[in-house]
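This one's a predicted model, so the numbers in the text were calculated from it and none came from an experiment. One-based numbering along the sequence shown.
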Amino acid sequence: MSDFAKDWLAPIVTAVVTLSLREGSPLLWKAYKNRYREPKEAHRQVLLDQASWYEDRAAKLATFQVQLLYDEAPDRFKLAEYVARLDPKDREWAMKETDVKRLREWAAAKGAECHDNAAECSRWADNVSMRTLF
């Protein structure tokens, strides 16, 4: 029996193990990526897109604030033009207000809030990225 195990059984077992590792490893890696890595990468991308949106919104608010600073008494058509360049979320509120000083203060506060939110989203994206590695 010992000679049979050495001569026939050991090579057969070695071939089966080698074949299963060679053919099974890519399948296991693909299953791992589909289950763990790809959802985290998608979540990270959503957070980065949000951060980009917040930064874009903050830039538009800063431009709006500067326009109101240099044009202290715009007529309603000029004010409507400035408001039209804002993000739709900000445009809703800005269309209801006509006081330039209040609009400037609001733009500064909202811009700072957007910068904070963008930093928070970027931090969370980095956190998700670190979890993706491990």
Using residues 118-126 as the side-chain source, report each donor-acceptor pair under 3.5 Å to any protein atom, sequence neighbours left out, with the distance given to one decimal.
residue, atom, partner, partner atom, Å
Glu120, OE2, Arg123, NH2, 3.0
Glu120, OE2, Trp124, NE1, 3.2
Ser122, OG, Ala118, O, 3.1

request  = Treat each ILVMFWY residue as a node, draw an edge where side-chain heavy atoms are under 4.5 Å apart, and state whether Val66 and Leu61 are in one component.
outcome  = no

ask   = By side-chain hydrogen bond (donor to acceptor under 3.5 Å, both in side chains), which residues pair with Asp90, not counting sequence neighbours?
value = Arg57

inquiry  = So, taking the atom named CZ in Arg44 and the one named CE in Met130, what distance separates them when rounded to the nearest 0.5 Å?
reply    = 12.0 Å

Qualifying residues under salt bridge (charged side-chain N to carboxylate O under 4.0 Å, His left out), relative to Lys89, sequence neighbours excluded = none

task = Just jot down the salt bridge (charged side-chain N to carboxylate O under 4.0 Å, His left out) partners of Glu113, sequence neighbours excluded, or say none.
result = Lys110

key: Heavy-atom closest pair, residues Leu86 and Arg91   = O-NH2, 2.8 Å

note = Separation between CG (Leu48) and OG (Ser129), nearest 0.5 Å, reads 8.5 Å

remark   = Hits for salt bridge (charged side-chain N to carboxylate O under 4.0 Å, His left out) against Asp87, two or more places apart or cross-chain, chain-then-number order -> none

request  = Could you pull out all residues at least two apart from Arg85 that satisfy salt bridge (charged side-chain N to carboxylate O under 4.0 Å, His left out)?
outcome  = Glu81

Please report, to 0.1 Å, the donor-acceptor pairs under 3.5 Å made by any side chain of residues 98-107, with sequence neighbours excluded.
residue, atom, partner, partner atom, Å
Arg102, NH1, Glu97, OE1, 3.4
Arg104, NH1, Leu68, O, 3.3

inquiry  = I need the full list of ring pair (Phe, Tyr, Trp, His ring centres under 6.0 Å) pairs touching residues 41-88, with sequence neighbours left out, sorted by first then second residue.
reply    = none

